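Reading through the structure tokens given below for one structure.
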There are 4 protein chains.
Amino acid sequence: MPASLPATLVALLYGPDQPGLVARVSGWIFERGGNILHADQHRDMEAGVFFQRVEWVPPEGANVPAMAREFDAFGRSLGMAAQVADRARRARVALFVSKFDHCFHDLLLRWKTGDYAADFVVVISNHPDLADAARGYGVPFHYIPVTAATKAEAEARQLSLLRELAVDLVIMARYMQVLSAEFLRAAPPVINIHHSFLPAFAGGKPYHQAYERGVKLIGATAHYATAVLDDGPIIQQDVARVTHRHDVPDLVRMGRDLERLVLAQAVRVHLETRVLVYGKRTVVFD
Amino acid sequence: MPASLPATLVALLYGPDQPGLVARVSGWIFERGGNILHADQHRDMEAGVFFQRVEWVPPEGANVPAMAREFDAFGRSLGMAAQVADRARRARVALFVSKFDHCFHDLLLRWKTGDYAADFVVVISNHPDLADAARGYGVPFHYIPVTAATKAEAEARQLSLLRELAVDLVIMARYMQVLSAEFLRAAPPVINIHHSFLPAFAGGKPYHQAYERGVKLIGATAHYATAVLDDGPIIQQDVARVTHRHDVPDLVRMGRDLERLVLAQAVRVHLETRVLVYGKRTVVFD
Amino acid sequence: MPASLPATLVALLYGPDQPGLVARVSGWIFERGGNILHADQHRDMEAGVFFQRVEWVPPEGANVPAMAREFDAFGRSLGMAAQVADRARRARVALFVSKFDHCFHDLLLRWKTGDYAADFVVVISNHPDLADAARGYGVPFHYIPVTAATKAEAEARQLSLLRELAVDLVIMARYMQVLSAEFLRAAPPVINIHHSFLPAFAGGKPYHQAYERGVKLIGATAHYATAVLDDGPIIQQDVARVTHRHDVPDLVRMGRDLERLVLAQAVRVHLETRVLVYGKRTVVFD
Amino acid sequence: MPASLPATLVALLYGPDQPGLVARVSGWIFERGGNILHADQHRDMEAGVFFQRVEWVPPEGANVPAMAREFDAFGRSLGMAAQVADRARRARVALFVSKFDHCFHDLLLRWKTGDYAADFVVVISNHPDLADAARGYGVPFHYIPVTAATKAEAEARQLSLLRELAVDLVIMARYMQVLSAEFLRAAPPVINIHHSFLPAFAGGKPYHQAYERGVKLIGATAHYATAVLDDGPIIQQDVARVTHRHDVPDLVRMGRDLERLVLAQAVRVHLETRVLVYGKRTVVFD
């Protein structure tokens, strides 16, 4: 059962701070008959930047897409970058997977439970292993193998599928291929999960790296994929305590729980339009 | 070195929800030349109640106390209960202690570091043990012994001291006496720290209770003292993991760290006017 | 893929402390050609009780069941209660469920991943809803409805199934019926998950209770079911931080993650013979 | 009031794994009339290395130093490296500080409370600021200024003080100088606290680095100082959650709590002979 959707508009906006911004934004909404449900704003004092997430109920019979466009123009008139989402519109999600299935099952079970106001419209994998499981959840599965030689062609097929299905968000649920800078430029936002507390232990085999270094906590990090591997804006992180009693297979097992939770939380805040990307950082209005 | 104080006004308000509240509050401030730095609002959808914390810079040369009074009247005109604080005014704090000194030192060291925009004006104790230490921090110490027979009289002396010193906040830093309902009615707000995860293990010897029950986490709870022991609105809580390797003295030792942190955090949010008490609960705008 | 099993013996023993216990136990194993892999012992100094978990590799060609029986007799000769498990023997598990499926899927997915050295041999439910899902995991499903009038009869059918299938462990994965004292006396150990930080908020609707009380952390507790509801020996607990922004449905959603993790961890330590029940408490050798 | 000391011997030993080690060690102690209170062993299966911490009560009237020497020889006869400590002997600790005083006060207050079975025999600082505070705790204070030009000479004076006072452990409580490889070779073990979750954000200004990178958790790490900065074996780590609402001064404030706790825990396990250094990692028997 997918989540029921609130019939609200959400705007994320940011730009140079100036007096009266809260009053002007809330006034604009009020004058048009909207009622603000939540508003959260933040000032980066050093940088002089203002950030806001505001969610409102439009008046009865409002032309919601028009109101969204008008707000966007209003934001620009204030010198702000705005992003407006109609929460009654269900986001379309593509899941990229390889062989590991813990994040795959976790996200699809949460979706079935109604945690996400979204449609999971496709599973794309470089391995055929999860085909039946995907179909068991009622989601079409596409097997697109990737080798060094065929990578460009495979990415073209992936992109064409994403376009055809009007996908809004790609989730790399332990997809074991690096996406090219070209792919990332052309694709909708991509959320990835890395099994370490970034920036520590970027790259391959982070649990082995963690074990070698003898850290006392292992972590997981969900971030937006960018052209530089494991370097994108961080959305969510968490850690778990380990001791000398845990060998690498234990770290892998404990890490699965971290990865599932951290990725699921990152996906939820993204789908609820709570994440504002700002330079290399995110502001998560949670 | 005490913290420098921002020259801002903070209002906490709550009452029946109604359309346009965010716009009206921010408009009121804007029209008077104020600039909102932070505004955080929340709706309890079930109860239909609106909560807000708003902090603003008054215009140059403003009559701040007058502006605070006017905002208060404005809140009432909206049917809201308002509480307005001038952050440039330093709160006056009394510390109640007995013999345990971990919270006592912790709070006074944080104050010396500048974490609290407040003046610790007196330490009151039913034991003489911490007299020298209090004076070492430059805070007057009053020894007011309490027995069953002298309790009413002792509380009268305590209240008279609080009045004389214009105390705004009382902190029970492991003060081992129960304050009477009469005292609490007459006194400013009182924050207490209880060494358990309330509502579990209220009353005496919570670590022994926790050990007997075999819980896997111990806790600490900071709350506003009310006439019913350990039942007041909770401000902050935290827990720590324990195993069978920990006996009661270990729980006591580990608990000291929890108590210090939880009490210190509760005091900080109270002093920054971030805590709105609502029935038996608090809304902490943090 | 179920986990591969170590060919080891594990003993849990406890009883009155006496000099030389560690030496005598390890000597007994050494003399019979065994090699200790792990040994963890603990003394409750106040009670004068000794606890030990010891795991050893028996010598090549050993008669393992005989060695287990002999160790048991050896323990008794020391005045200790011993429990010996052959880790090469796969435990047989029954899952009791109702309609909530998050713990159900979680446990079965972990089992499929190989986290548990056990066979899940049956799912028993008072609702038919999860029948297909259980069969999808390859586990037989029995629908045994329960009403006040038929409870005794239903429990008799459940017990007869458990006996027939030689079940070693029952897991209540959000099974929404209270098991009778008679059932619990006759059944193998039963692990239950309660969605609060016990002893706080025992009984029904713990998230509503938590919301009403205004706690700042919600919890989950896995324990062995006993005749007194939510009062059995605690195996594992954990908590998550909540704020005023979370309403009861949010607590329910966040609680699902806690319940899954806490129950999964409790099941793992039980299946690895790491839990020694001692009065109302457990010693978890983890 | 310093902690009372248990009259026990503790041995840490490690070396190539071989059958019967637990039995041989416990047998050795038993035969000499000792009674094992705690024994904790661990095998690194991949590396084939055995680790043990064993604590025992020597027989009445035993020559404790002789028993320690004999155990050491016994360990060597097994091919193991052994380290034996007489817990009735109080360790002698030197505190290195600069201007930050939060770890300084924290450690000395814990010591006064009796958390540490040790004598804090000297405070050494490159600034005079904490002289009075140190003397207030009854600990001699030495002001040894350090400049690039005088560093070698200053370190020589520090070393000569450590020798003269027979110091067993140096704690760098936010001492803002890098100790040279020569100093570290000549000195007793040195515990340092770094205000990040190592290996992330080694070197200077870790909170600024954390803020720039936009991490969602900040950390602190206690480790043994080695010739490579922030690269020594890690003893303890912890983290705290941060959001966009926290600016760098907030991270600094929150970090102080982490630093105090993590350093205090690392010092405690070191003083209780619970830390075995093994290559670049530690085994903490906690």
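Both backbone and side-chain heavy atoms feed into the values below; hydrogens, waters and symmetry mates do not. Letters A, B, ... are given to chains in the order of the sequence lines, protein chains preceding strands, and every chain is numbered from 1. Since the structure is predicted, the reported quantities are computational estimates derived from the model, not experimental observations.
- Proximity to chain D is limited to the side chain of A:D44, based on heavy atoms less than 4.5 angstrom apart.
- Contacts of A:T243 with chain D are absent, with no heavy-atom separation under 4.5 Å from either backbone or side chain.
- Listed options A:Y278, A:F51, A:F197 were ranked by heavy-atom pairs under 4.5 angstrom with chain D; first place goes to A:F197.
- The greatest number of non-hydrogen atom pairs below 4.5 Å with chain A, out of D:Q209, D:Q236, D:Q237, is found for D:Q237.
- For a residue to count as touching a neighbouring chain, one of its non-hydrogen atoms must lie under 4.5 Å from one of that chain's; by this rule D:R241 touches chain A with the side chain only.
- Checking side-chain atoms of D:R213 against main-chain N and O of A:R281 turns up no donor-acceptor pair under 3.5 Å.
- Of the listed residues (A:L198, A:D238, A:V248), the greatest number of heavy-atom pairs within a distance under 4.5 Å of chain D belongs to A:D238.
- Of the two parts of A:Y211, the backbone and the side chain both hold a non-hydrogen atom closer than 4.5 Å to a non-hydrogen atom of chain D.
- Taking the charged nitrogens against the carboxylate oxygens, A:K216 and D:D286 have no contact shorter than 4.0 Å, which rules out a salt bridge.
- Of the inter-residue distances, the one linking A:L217 atom CG with D:T221 atom OG1 reads 8.5 Å to the nearest 0.5 angstrom.
- The minimum heavy-atom distance between A:P199 and D:V215, with the atom names listed, is CD-CG1, 3.9 Å.
- Checked by atom type and distance alone, the side chain of D:H244 never pairs as donor or acceptor with a backbone atom of A:H42 at under 3.5 Å.
- Annotation: A:R253, atom CZ; neighbour count of heavy atoms from other residues, nucleotides and ligands within 6.0 Å is above 12.
- Contacts with chain A were tallied for D:D247, D:V239, D:V284; D:V284 has the most, counting heavy-atom pairs under 4.5 Å.
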